[in-house]
Amino acid sequence: MTSQKENNMTQRLAGKIAVLSGGASGMGVSHTRRLIREGARVISFDLNEGAGPQLVDELGEDKLLFLRGDVRKAEDWERAVAAGRQRFGTPNVLINNAGISPLHSLEKVSEEDYRRVIDINQIGTFLGMRALVPSLRESGGSIINIASTAALVAFADLFPYVASKWAVRGMTKAAALELAKDGIRVNAVCPGDTDTPMIRAIADTPSGALPPTDDLPFKRWAQPEEVSAAVVFLASDESSYMSGGELVIDGAYTAQ
Amino acid sequence: MDRVKGKIAIVSGAGSGMGLEHVRALVREGARVVGFDIAEGEGPGLVAELGADRFHFLPRRSVTSASDWADVVRECEITYGAPSVLVNNAGIFRSTRLESVSEEDYRTVIDVNQVGPFLGMRAVVPAMRYAGGGSIINICSTSGLVAFEDNFAYVASKWALRGMTKAAALELAADGIRVNAVCPGETETPMLLNSTEPGTSLPPESFPFGRWARPEEIAFAVLFLASDEGSYMSGSEVLVDGAYTAA
């Protein structure tokens, strides 16, 4: 009994109910584990089944609800929020994590390919924030948009991705101002290259998108857990005066 | 309660204001801290509160003196061991305008807010390298991101501190030493609460959150950067300003 009590005392996200997009692969898996370890309950959704069902087995149905859903569809967001409310209660954290980063240059990208990146990375984030605001307003909350160092500088051969991430960073600030009076905080996390299937796919294709590891000040990529630690910090009440800002997790890359 | 367990930290300006909260947060989460300040302030009281095995306070040391920094690092090594965390927290505010500020007042602000953190970083690097890496946290300001009227010297010092943070981050990455800035907006500290000079602070209702930050809210960002949770963060700013600079 003592250990249970101590556990509750040290859990930084006790009482938090988080909606997470793109929770079935890459960084989303790491965010899910870390949020739940810190005491949160998580409504995770993803376009693909991925690691979703295994995570439910691992972490328990009382902690994690996994749904299939598309961040580009407002009705999928509404469905996730409704299912989450029914299972756990009113959400007070949103993590807009789903994203894609296909290689495209300005000159060669088709309008269709451009729109696809914007739809997922940018419209998806917008729809997520809009869908969660009524819930978050009930008792205050924290929105965490996973942006990128591509929202601070630019990278070659990632034209639509860079556009979408700069937009996410801008929307973060605009939403922070709009929602401050409701006690809703909105921040962006800007990871550098992180060891996920998404970045490994870029690394496997010749392009100018990925700096060689030797050119990184830390000589290595970030681990997903190093990004999840920032997500936990922003989801917790420890960051109660933080809004409209970026947490840059890039091992000094953009300091250059 | 052990997010910085086993870490040894040095905090400047530890005898008043925000410095007290940085020390409390670090000690609560398992660190041992050597704090110093130009005055005694509330330092001795904080030692009584936290215990001498957790907090060692050195009064009458100035951040503007390289020999005082050497003394603080030496005391730290003797008392607890080599430091792996430095919080450059000491700072002063003077109401100043470009046209009317005296060279002396300008230099005073630059000495404390800018030269002080430079000397601090330089003083701890050998010890941090010896400790196998570390985290340097420079308490900057929203004045390092935008400008405020009647803040000329302060703005200069904080932009310089933000720049030094990035330059030091690049230089020290190979040694496993991370360097980041925390940029608070207006915070309820004696520095702001007790000043009636123009340009010191904006009223709470002029902020998106309708209030100033509390010192504890800044200390949480310091704690995050001091811990290994921030292990891939370097050269960046953690903004704690309640969306002020988003406007």
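To find a chain, count down the sequence lines: A is the first, B the second, and so on, and within it residues start at 1.
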Highest number of heavy-atom pairs under 4.5 Å with chain A among B:Arg214, B:Lys166, B:Glu216 belongs to B:Lys166

Can you tell me if B:Tyr232 uses its side chain to pair, donor with acceptor, with the backbone of A:Arg220 under 3.5 Å?
-> yes

Pair count under 4.5 Å, heavy atoms only, with chain A: among B:Trp212, B:Phe207, B:Tyr244, highest is B:Trp212

Quick one: what part of B:Arg211 sits under 4.5 Å from any heavy atom of chain A, side chain, backbone, both or neither?
-> both

Report the option among B:Ala221, B:Gly242, B:Ala219, B:Ala173 that has the most heavy-atom pairs separated by less than 4.5 Å from atoms of chain A.
-> B:Gly242

Output the distance between atom CG (B:Leu225) and atom CZ (A:Phe233), rounded to the nearest 0.5 Å.
-> 7.5 Å

Chain B neighbours within residues 240-256 of chain A, where any heavy atom lies under 4.5 Å away = A:Ser240, A:Tyr241, A:Met242, A:Ser243, A:Gly244, A:Gly245, A:Glu246, A:Leu247, A:Val248, A:Ile249, A:Asp250, A:Gly251, A:Ala252, A:Ala255, A:Gln256

d(A:Ser228 OG, B:Glu229 CD) to nearest 0.5 Å is 11.5 Å

Closest heavy-atom pair and its distance - A:Ala230, B:Phe224 | CA-CZ, 3.6 Å

Flag yes if more than 12 heavy atoms outside B:Lys5 fall under 6.0 Å of its NZ atom; otherwise flag no.
-> no

Among B:Ala213, B:Ala174, B:Ser236, B:Ser227, residue most engaged with chain A (heavy-atom pairs, under 4.5 Å) = B:Ala213

Greatest number of non-hydrogen atom pairs under 4.5 angstrom with chain A, of B:Gly176, B:Ser231, B:Gly235, falls to B:Ser231

Neighbour count above 12 (heavy atom, 6.0 Å) for B:Glu29 CD = yes

Given A:Ala229, A:Ala222, A:Ser236, the one with more heavy-atom pairs under 4.5 angstrom with chain B than any other is A:Ala222

Contact origin within A:Leu216 toward chain B - heavy atom pairs under 4.5 Å | side chain

Return the option, out of B:Thr245, B:Leu145, B:Val240, with the maximum number of heavy-atom pairs under 4.5 Å with chain A.
-> B:Val240

Considering only heavy atoms and a distance below 4.5 Å, find which of A:Pro217, A:Ala174, A:Pro191 pairs most often with chain B.
-> A:Pro217

